[in-house]
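No experiment lies behind these values; they were computed from the predicted model shown. For ligands, and for the atoms within them, numbers begin at 1 and follow the listed sequence.
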Amino acid sequence: MPAAAERRQVATRAMLDTCARETVTSSFMKLGVNIDHVATLRQARYVGHIDAHNAEPNISVAAALCEQAGAHGITVHLRADRRHIQDADVYHLRQRIVTKLNLEMGNTPEILEIALRVRPEEVCLVPENRREVTTEGGLDAAGQIDALRPTVDRLRGAGIRVSMFIEPTHEQIEASHALGAEMVELHTGAFANAQAGPQLDQLERLREASIFAHELGLQVNAGHGINYSNIILIRDVPHLAELNIGHSIVSRAMVTGLEAAVREMLVAMQPCAS
Ligand code: PXP
């Protein structure tokens with residue numbers, strides 16, 4: 001492993017040890033936890049039966065645990081193909097979330113009507129392609145101004161704050177601003193997937209984009225592929241108000257929670273002493 005990557009891994013370990021079991025109650029940057037992959041796990045067994053008495057994991061419980069740990073918001077993506085989060089999840093979350101709900105959605109009439117009924121505090125408009133494994137690349141706000149404008153207007157008219165999930169370029173930021181979005185979410189995928197050297201170039205791109213968006217008066221968020229290692233670099237990008245993180249947190253929860261889950265089952269398997 002290259003020395004820089006090793007140093008970063010050591011720093012991450014030290015940070016996680018320090019933070020272990022602490023609830024961070026105040027932080028400059030806010031955290032929205034994307035719980036799509038909690039639903040991915042449920043769908044793997046209970047697709048078509050999400051209200052069954054034994055369906056698990058429970059999405060609202062997962063959201064409540066994130067909030068209890070200090071998350072500032074819950075993010076879900078209601079995809080046109082409903083591959084993870086379902087309509088009923090969004091309605092349940094709307095009832096139960098005590099922080100804020102950020103609904104990610106593609107610009108389609110069907111999902112727009114749902115958003116207007118659910119009234120999340122925030123909507124993040126994202127590109128959507130049925131064949132992609134996850135959201136690949138940012139929304140082409142600059143190329144779709146005419147198609148996006150009525151959607152942004154209707155959401156804002158309903159009192160919903162609007163964000164655009166875009167690549168960190170001036171063109172996309174200017175288009176988001178022209179559309180009247182209050183926020184941009186800078187796509188951090190290219191940064192997250194780059195190797196050490198090129199990663200610093202991607203970080204610089206994010207820094208420049210963030211400064212530019214902030215100067216235009218936009219709230220700057222970021223997300224995609226942020227994990228417990230690269231957060232050390234991302235957290236120094238100026239003006240970042242909120243990070244939306246999903247896969248890495250859910251993956252880590254699986255590893256950190258597995259031992260306890262096995263222990264609990266072994267205890268449950270014991271016959272009761274009478
Ligand atoms: N932000 C947006 C707009 C997303 O679409 C996603 C999921 O791709 C995320 C944040 C979270 O990304 P990840 O699961 O990689 O943390």
Need the ligand 1 atom indices (1-based, order shown) with element for anything under 4.0 Å from a heavy-atom of [X].
X: Asn244; value: 10 (C), 11 (C)
X: Ile245; value: 16 (O)
X: Val126; value: 3 (C)

* Looking only at atom types and distance, does a side-chain atom of Asp89 sit under 3.5 Å from a main-chain N or O of Ile85, one as donor and one as acceptor? -> no
Rounded to the nearest 0.5 angstrom, the CG-CD distance for Asn193 and Gln199 is 9.0 Å
task: Return the orientation label for the His239 and His214 ring planes: parallel under 30°, perpendicular over 60°, tilted otherwise.
output: parallel
message: Quick check with a 6.0 Å cut-off and a 45 degree axis cone: is Arg252 positioned over the face of Tyr228's six-membered ring?
response: yes
Please report whether ligand 1 has a polar contact with [X], defined as an N or O pair separated by less than 3.5 Å (distance criterion only).
X: Gly246; result: yes
X: Gly225; result: yes
X: Ser248; result: no
X: His247; result: yes

Min over Glu128, Glu185, His224, His187 of heavy-atom distance to atom 1 (N) of ligand 1 lands on Glu185
Note: heavy atom closest to atom 6 (C) of ligand 1, options Glu104, His37, Arg79, belongs to Glu104
Quiz: residues 52-62 side-chain donor-acceptor pairs under 3.5 angstrom, not counting sequence neighbours:
unit_1 : atom_1 : unit_2 : atom_2 : d
Asn58  : OD1    : Ser60  : N      : 2.9
Asn58  : OD1    : Val61  : N      : 2.9
Ser60  : OG     : Arg96  : NH1    : 3.4

Residue pairs passing the salt bridge (charged side-chain N to carboxylate O under 4.0 Å, His left out) test with at least one member in residues 194-204, sequence neighbours excluded, are Glu204-Arg207
**Message:** Could you check whether any side-chain heavy atom of Phe212 comes within less than 4.5 Å of a side-chain heavy atom of Glu174, counting everything from C-beta outward?
**Reply:** yes
